[in-house]
Trainee: 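Please find one structure pasted underneath; my questions will follow.
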Amino acid sequence: MVHFQITLSTKQNPLTVASSLQIMAARPCLSFSPGVVKAGAAILCSNPKTVLWPKLTNSCNISSLNPFRHGFRSSTVKFSKVVTKAMSESNENRPVSGLPIDLKGKRAFIAGVADDNGYGWAIAKSLAAAGAEILVGTWVPALNIFETSLRRGKFNESRLLPDGSLMEITKVYPLDAVFDNLDDVPEDIKTNKRYAGSSKWTVQEVAESVKQDFGSIDILVHSLANGPEVSKPLLETSRKGYLAALSASSYSYVSLLKHFLPLMNPGGSSISLTYIASERIIPGYGGGMSSAKAALESDTRVLAFEAGRKHKIRVNAISAGPLRSRAAKAIGFIDMMIEYSKANAPLQKELSADEVGNTAAFLASPLASAITGAVIYVDNGLNAMGIGVDSRIFKDLNIPSDKH
């Protein structure tokens with residue numbers, strides 16, 4: 001039996017109580033249970049002691065009663081959704097060992113957080129859990145609702161960190177990453193009532209505000225995209241709609257990095273979110289969005305070279321699987337995509353936003369100090385598949401499957 005323990009540490013008094021998440025792997029069952037650690041850094045280590053966690057949810061069984069056609073036999077595997085939950089136990093006189101994900105003293109700016117159920121929020125939580133200070137940029141028309149929800153405690157449950165504290169967002173900045181500076185903003189946007197009451201929300205102005213307020217950052221996250229004609233097939237997409245998708249979903253990252261690089265400390269990390277439609281055909285994901293994601297991944301490689309040589313900043317992208325977020329619902333068939341993934345991915349489970357957030361925390365940490373210019377897939381392995389195994393042509397192969 002092998003145990004991997006991830007711990008989060010903060011400054012505490014000598015009678016520290018530690019919180020952690022332990023991942024326990026044992027055949028034939030994979031399960032996850034919380035355990036003990038010191039607060040301030042996330043730690044990977046070997047530990048023979050485990051604590052059972054009774055509240056594991058969303059588990060599913062993958063099994064087959066029939067052997068493969070050529071004599072391969074299936075075995076039952078149980079998957080449990082990874083849930084972050086705090087548990088306490090004294091760790092006095094307990095040595096700290098393992099590989100730390102310690103982002104204490106680091107500051108992150110996450111562009112594209114407007115609610116508590118998207119990948120941007122999950123990334124902010126994971127970074128905060130590892131000790132980073134959190135700044136966010138929120139689309140101007142959504143700013144008032146987001147800040148009001150934060151203030152009234154509507155996000156308190158989803159702000160809960162492994163140590164029992166709530167994620168703190170130091171400052172929320174209005175941001176519209178489609179515009180580099182005020183000269184780019186057309187009059188109809190300047191006079192739009194949805195932008196009334198907000199100022200300094202172009203990319204250049206936000207970067208200047210962050211510099212004035214905090215001086216520097218260490219982590220930049222691009223978690224935004226928009227395709228006004230996403231529901232249209234590519235052949236029916238207008239030039240305006242196509243270019244709008246590229247502007248909001250890919251060039252916005254170039255602009256953010258361009259303006260934030262002078263603020264980033266050497267050794268910092270920049271991360272964007274992409275999707276497998278960049279390289280595979282996803283019918284229904286139209287309006288130029290597949291092209292925008294392809295451009296984003298290509299730019300990631302070029303930016304990794306330029307930012308690495310000039311500023312010693314690493315640049316990576318996470319290709320995340322489908323998530324039932326408010327933004328994804330605009331596509332119109334997100335539930336279908338989630339079911340397709342569960343039916344055809346090597347790991348038959350619904351992807352958790354926290355799994356993407358934890359990957360971002362790793363990429364932002366010193367543990368990923370030699371990783372740049374990469375696209376990291378966090379999609380239960382769906383990217384590795386060449387064909388949908390739920391197709392009727394495979395019905396006689398007796399492929400192991402969870403009949404969810």
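Side chains included, hydrogens not; waters and symmetry mates left out as well; all remaining heavy atoms used.
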Trainee: Determine yes or no for a side-chain-to-main-chain donor-acceptor pair under 3.5 angstrom, with R159 supplying the side chain and M167 the backbone.
Mentor: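 Yes; at least one donor-acceptor contact below 3.5 Å.
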Trainee: Taking G321's backbone N and O only, do any of them form a donor-acceptor pair with N380's side chain (distance below 3.5 Å, no angle check)?
Mentor: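 No, N380 side chain to G321 backbone: no donor-acceptor pair under 3.5 Å.
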Trainee: Is it the case that S352 and E355 place a side-chain donor and acceptor less than 3.5 Å from each other?
Mentor: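 Result is no, nothing qualifies.
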Trainee: Would you say that D176 contacts Y195 through its side chain, given a criterion of any heavy-atom pair below 4.5 Å between the two side chains?
Mentor: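 Yes, side chains in contact.
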Trainee: Could you give the distance from OG (S270) to CG (L363), rounded to the nearest 0.5 Å?
Mentor: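 Spacing of OG (S270) from CG (L363) equals 11.0 Å.
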Trainee: Answer yes if the side chains of E208 and Q212 hold a donor-acceptor pair under 3.5 Å, and no otherwise.
Mentor: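 There is no such pair (donor and acceptor under 3.5 Å, judged by atom type) between the side chains of E208 and Q212.
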Trainee: Check the pair L103 / I219 against side-chain contact (heavy atoms from CB on, under 4.5 Å), numbers first and verdict last.
Mentor: CA-CA 10 Å; L103 299 178; I219 303 162; 4.3 Å; yes
Trainee: Under 4.5 Å between any side-chain heavy atoms of N226 and V178, yes or no?
Mentor: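 No. Closest side-chain heavy atoms not under 4.5 Å.
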Trainee: Ignoring hydrogens, what is the shortest heavy-atom contact between S249 and A292? Give both atom names and the distance.
Mentor: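 Scanning both residues completely, I find the closest heavy atoms to be CB-CB, 3.8 Å.
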Trainee: Using 0.5 Å steps for rounding, measure from the CZ atom of R194 to the CG atom of L143.
Mentor: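 If we round to the nearest 0.5 Å, R194:CZ and L143:CG are 12.0 Å apart.
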Trainee: Check step by step if side-chain contact (heavy atoms from CB on, under 4.5 Å) holds for Y340 and L382.
Mentor: CA-CA 10 Å; Y340 177 86; L382 186 63; 4.3 Å; yes
Trainee: Examine distances only and state if a side-chain atom of S365 and a backbone atom of F362 form a donor-acceptor pair shorter than 3.5 Å.
Mentor: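 Yes, the answer is positive, given that a donor and an acceptor are paired below the 3.5 Å cut-off.
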Trainee: How would you list, by chain and number, every residue that makes a salt bridge (charged side-chain N to carboxylate O under 4.0 Å, His left out) with R107, sequence neighbours excluded?
Mentor: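 For R107 the salt bridge (charged side-chain N to carboxylate O under 4.0 Å, His left out) partners, ignoring immediate neighbours, are E133.
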Trainee: As an exercise, state the distance from NZ of K310 to CG of L261, rounded to the nearest 0.5 Å.
Mentor: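 The NZ atom of K310 sits 9.0 Å away from the CG atom of L261.
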Trainee: Just by distance, do the side chain of T300 and the backbone of N316 share a donor-acceptor pair under 3.5 Å?
Mentor: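 The answer is no, because no donor-acceptor pair under 3.5 Å joins these two groups.
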Trainee: Ignoring hydrogens and angles, tell me if any N or O in the side chain of K293 forms a donor-acceptor pair with the backbone of S319 under 3.5 Å.
Mentor: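 Pair absent, no side-chain N/O of K293 close to backbone of S319.
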Trainee: For residues 215-237, which residue pairs qualify under ring pair (Phe, Tyr, Trp, His ring centres under 6.0 Å), counting only residues two or more places apart or in two chains?
Mentor: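 Checked against ring pair (Phe, Tyr, Trp, His ring centres under 6.0 Å) - neighbours excluded - the pairs reaching residues 215-237 are H222-Y253.
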Trainee: Could you grab the distance from atom CD1 of I276 to atom CD1 of I281, nearest 0.5 Å is fine?
Mentor: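 The CD1 atom of I281 is 12.0 Å from CD1 of I276, to the nearest 0.5 Å.
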Trainee: Compare every heavy atom of P228 with every heavy atom of A244, then report the nearest pair and how far apart it is.
Mentor: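 Of all heavy-atom pairs spanning A244 and P228, the closest is CB-CG, 3.8 Å.
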Trainee: With rounding to the nearest 0.5 angstrom, report the CG to OG distance, N117 to S158.
Mentor: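 Those atoms lie 8.5 Å apart.
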Trainee: Count the heavy atoms of every other residue, nucleotide or ligand shown that sit under 6.0 Å from NZ of K190, and state whether that count exceeds 12.
Mentor: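 Buried by this count: over 12 neighbours within 6.0 Å.
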Trainee: Could you check whether any side-chain N or O of T191 sits under 3.5 Å from a backbone N or O of E187, counting only pairs where one atom can act as donor and the other as acceptor?
Mentor: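 Side chain of T191 to backbone of E187: a pair is present.
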Trainee: Grab the two heavy atoms, one from F260 and one from V206, that are nearest each other, plus how far apart they are.
Mentor: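 Scanning both residues, the minimum pair turns out to be CZ-CG1, 4.1 Å.
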Trainee: Is the closest side-chain heavy-atom distance between W139 and L224 below 4.5 Å?
Mentor: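 Heavy-atom side-chain distance check fails, nothing below 4.5 Å.
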Trainee: Between Y285 and A277, what is the shortest heavy-atom contact and its length?
Mentor: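 Minimum heavy-atom separation between Y285 and A277: CD2-CB, 3.3 Å.
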Trainee: Do N265 and K106 touch side chain to side chain, with heavy atoms closer than 4.5 Å?
Mentor: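 A side-chain contact under 4.5 Å is absent here.
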Trainee: How about N192 and V140: do any of their side-chain heavy atoms sit closer than 4.5 Å?
Mentor: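 N192 does not reach V140 side chain to side chain.
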Trainee: Once you round to the nearest 0.5 Å, how far does CD1 of I110 lie from CG of L127?
Mentor: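 Between I110 CD1 and L127 CG, I get 5.5 Å after rounding to 0.5 Å.
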Trainee: Strictly distance-based, threshold 3.5 Å: is any side-chain N or O of E350 a donor or acceptor partner for the main-chain N or O of I338?
Mentor: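 Not a single qualifying donor-acceptor pair exists.
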Trainee: With a 4.5 Å cut-off on side-chain heavy atoms, are L160 and L166 touching?
Mentor: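 Yes, close enough: below the 4.5 Å cut-off.
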Trainee: Does the plane of the ring in F155 sit parallel, tilted or perpendicular to the ring in F146? Use 30° and 60° as the thresholds.
Mentor: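 F155 and F146: tilted rings.
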Trainee: Against Y275, only a single residue in I282, I318, L296 fulfils side-chain contact (heavy atoms from CB on, under 4.5 Å); can you say which?
Mentor: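 The single option meeting the side-chain contact (heavy atoms from CB on, under 4.5 Å) with Y275 is I282.
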Trainee: Which pair of non-hydrogen atoms, one from D379 and one from S341, has the smallest distance, and what is that distance?
Mentor: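 Looking at all heavy atoms of both residues, the closest pair is O-OG, 4.2 Å.
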Trainee: Do N358 and S126 pair up side chain to side chain, a donor and an acceptor below 3.5 Å, judged on atom types alone?
Mentor: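 On atom types as modelled, these side chains qualify, holding a pair under 3.5 Å.
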Trainee: Can you see which heavy atom on S278 is nearest to which on E297, and at what distance?
Mentor: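 Heavy-atom minimum between the residues: OG-OE2, 2.6 Å.
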Trainee: Are more than 12 heavy atoms from other residues, nucleotides or ligands located less than 6.0 Å from atom CE of M385?
Mentor: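 Counting other residues, nucleotides and ligands, CE of M385 exceeds 12 neighbours.
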Trainee: Does the S209 side chain pair with the main chain of E205, one donor and one acceptor, at a distance under 3.5 Å?
Mentor: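 Checking the backbone N and O of E205 against the side chain of S209, a donor-acceptor pair under 3.5 Å is found.
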Trainee: Measuring only between side-chain heavy atoms, which start at C-beta, is Y251 closer than 4.5 Å to D180?
Mentor: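 Contact flag for Y251/D180 side chains = yes.
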Trainee: Do L135 and D213 make a side-chain contact, defined as non-hydrogen atoms from C-beta onward lying under 4.5 Å apart?
Mentor: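 Counting from C-beta outward, L135 and D213 never come under 4.5 Å.
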Trainee: Should the ring pair Y173 and F109 be called parallel, tilted or perpendicular, given that the plane angle runs from 0 to 90° and is split at 30 and 60?
Mentor: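 If you compare the ring of Y173 with that of F109, the planes turn out tilted.
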